[in-house]
Amino acid sequence: MIELNGAVSNYVQLSGKRYSFFSGNNYLGLSNHPEIKQAAKNSIETYGLNFAAARQTTGTSIIHLQLEKELSAFKNKEDTVVFASGYLGNSILLHALKDQYTDIFTDEAGHPSIFDGIPRDSRQIHFYKHGNVEHLEDLLRKNKDRRALIITDGIFALTGDIGPIDEIHSLAEKYRALLVVDDAHATGVLGENGQGTPEFFHLQDVPGIYQTETMSKALGVYGGFISADSIIINRIRESSRAYLASTSLPPPIVSAASTAVKLIIQQPRLRSGLLQKARELREGVVKLGFFTNEAPTPIIPVFFNSRDKARNLSGYLKENGIIVPCINYPVNMNKFMVRMTVSVNHSSDQIAELLNTLKRWRSEYGVT
Ligand SMILES: Cc1ncc(COP(=O)(O)O)c(C=O)c1O
């Protein structure tokens with residue numbers, strides 16, 4: 001763990017020293033954006049820190065309703081509900097849909113919030129091998145008399161690869177399954193309008209695909225949201241325990257998120273700039289002979305088959321003024337990684353410096 005003593009940007013301060021920072025999920029550099037911070041400050045002046053009530057009692061303000069409208073416009077969906085954290089989104093949606101499925105099919109490398117969000121009853125859970133649509137189909141075929149819901153990450157949080165949503169959607173149609181995409185890392189990043197993984201695969205207007213999303217990554221703020229047809233959003237508002245029994249999002253967060261959504265809509269260059277920076281870093285990493293993913297995402301891991309090697313690289317980078325954390329692979333595949341993430345604010349020089357440091361490490365320790 002590192003202890004920050006300043007804001008997160010493409011550089012950070014640790015114990016009085018400045019480090020180049022290729023970690024976290026502040027993809028569009030919005031977590032320290034002046035306009036967004038000003039919106040939060042103004043909101044505190046007007047509304048204070050907290051409405052101190054749940055949404056359905058006295059915790060709904062005009063700024064919550066405005067944010068939900070803005071998110072619906074951004075996502076081109078009928079309605080939106082915002083809530084306390086992205087982590088809750090899968091639980092909220094899986095509960096709201098629970099009359100429509102008996103079995104859940106989910107990627108073995110999925111985010112913990114998916115597994116934790118599955119309603120605790122007699123529902124069957126089937127894990128398919130990571131990204132493996134043949135295995136998924138096999139499981140669906142064996143359970144074809146059941147009512148299926150498939151849930152997968154859009155961009156996988158640690159490995160940065162993209163779930164094969166196009167192929168999974170074809171299977172969902174074939175086996176009349178619902179499809180849920182946890183798009184925490186893809187919101188504001190993938191697709192022509194930043195609407196996420198379904199848009200990346202040109203499936204954004206297809207009925208039967210739901211997304212769970214967060215405002216804590218590319219949007220740089222905090223809180224979760226679901227944009228969908230008004231029937232499902234009303235069901236969440238009327239029956240979700242996590243929504244009904246928790247305090248509404250704080251005013252500075254709501255106002256900051258509104259400004260972040262506006263910037264994401266108005267400045268598509270943030271997204272194209274980010275993807276360009278991700279390409280630069282990924283191409284450099286591949287050229288150096290390291291093993292990484294091939295997806296066009298801002299998460300660029302370097303995989304190792306030894307924990308010591310991954311730790312060694314992370315430590316070496318830190319000694320050379322660069323923060324990149326070492327992370328255990330999320331499923332038991334004997335793989336370890338350093339997880340680099342890129343932001344639109346990284347300069348090409350900063351990326352070149354990271355690549356040069358990787359190159360020096362490689363000549364000292366080899367790649368494997
Ligand atoms: C795939 C995925 N889903 C959900 C979440 C939870 O989002 P939040 O951190 O905004 O609660 C995360 C964040 O870590 C994530 O990576």
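Order of appearance sets the numbers: ligands from 1, and atoms from 1 within every ligand.
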Which of the numbered atoms in ligand 1 are below 4.0 angstrom from a heavy atom of [X]?
{"X": "Ser113", "result": "3 (N), 4 (C)"}
{"X": "Ser85", "result": "11 (O)"}
{"X": "Gly86", "result": "6 (C), 7 (O), 8 (P), 10 (O), 11 (O)"}
{"X": "Tyr87", "result": "6 (C), 7 (O), 8 (P), 11 (O)"}
{"X": "Ala157", "result": "16 (O)"}
{"X": "Ser216", "result": "8 (P), 9 (O), 10 (O)"}

Nearest-neighbour protein heavy atom for atom 16 (O) of ligand 1, which is reported as residue plus atom name and distance =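 Ranked first by proximity to atom 16 (O) of ligand 1 is His185 NE2, 2.6 Å.
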
Any chain of hydrophobic side-chain contacts (each under 4.5 Å) joining Ile232 to Ile150?
->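 In one cluster: no.
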
Would Asp79 and Arg237 pass as an ion pair if we require N to O under 4.0 Å?
->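 Salt bridge: yes.
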
Does Phe303 have its ring centroid less than 6.0 Å away from the ring centroid of Phe291?
->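 Aromatic pair counts; centres sit under 6.0 Å.
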
In Å and rounded to the nearest 0.5 Å, what is the [atom1] to [atom2] distance from [X] to [Y]?
{"X": "Thr58", "Y": "Phe51", "atom1": "OG1", "atom2": "CZ", "value": "10.0 Å"}
{"X": "Asp107", "Y": "Phe156", "atom1": "CG", "atom2": "CZ", "value": "3.5 Å"}
{"X": "Glu68", "Y": "Ile226", "atom1": "CD", "atom2": "CD1", "value": "11.0 Å"}

Where does Lys217 meet ligand 1, judged by heavy-atom distances below 4.0 Å: at the side chain, the backbone, both, or neither?
->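 Near ligand 1, Lys217 shows its side chain, while the N, CA, C and O stay back.
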
Going by heavy-atom distance to [atom], choose the closest among [options].
{"atom": "atom 3 (N) of ligand 1", "options": "Asp183, Thr214, Asp182, Ile155", "answer": "Asp182"}
{"atom": "atom 1 (C) of ligand 1", "options": "Asp153, Asn25, Val221", "answer": "Asp153"}
{"atom": "atom 2 (C) of ligand 1", "options": "His111, Glu213, Met215", "answer": "His111"}

Under 3.5 Å between some N or O of ligand 1 and some N or O of Tyr222?
->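 In this structure, Tyr222 places no N or O atom under 3.5 Å from an N or O of ligand 1.
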
Short N or O distance, Asn90 and ligand 1, threshold 3.5 Å exclusive |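 For ligand 1, there is no N or O atom that lies under 3.5 Å from one belonging to Asn90.
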
Name the one of Ile299, Asn25, Leu275 that satisfies side-chain contact (heavy atoms from CB on, under 4.5 Å) with Val189?
->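 Looking at Ile299, Asn25, Leu275, the match for Val189 under the side-chain contact (heavy atoms from CB on, under 4.5 Å) is Leu275.
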
Measure from NZ or CZ of Arg55 to the centre of the six-membered ring of Tyr243 and say whether it is under 6.0 Å with the direction within 45° of the ring axis.
->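 No; the conditions do not both hold, so Arg55 does not lie above the ring face of Tyr243.
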
Might you point out which heavy atoms bring Lys217 and Ala184 nearest each other, and give the distance in Å?
->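 For Lys217 versus Ala184, the nearest heavy atoms are CD-O, 3.7 Å.
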
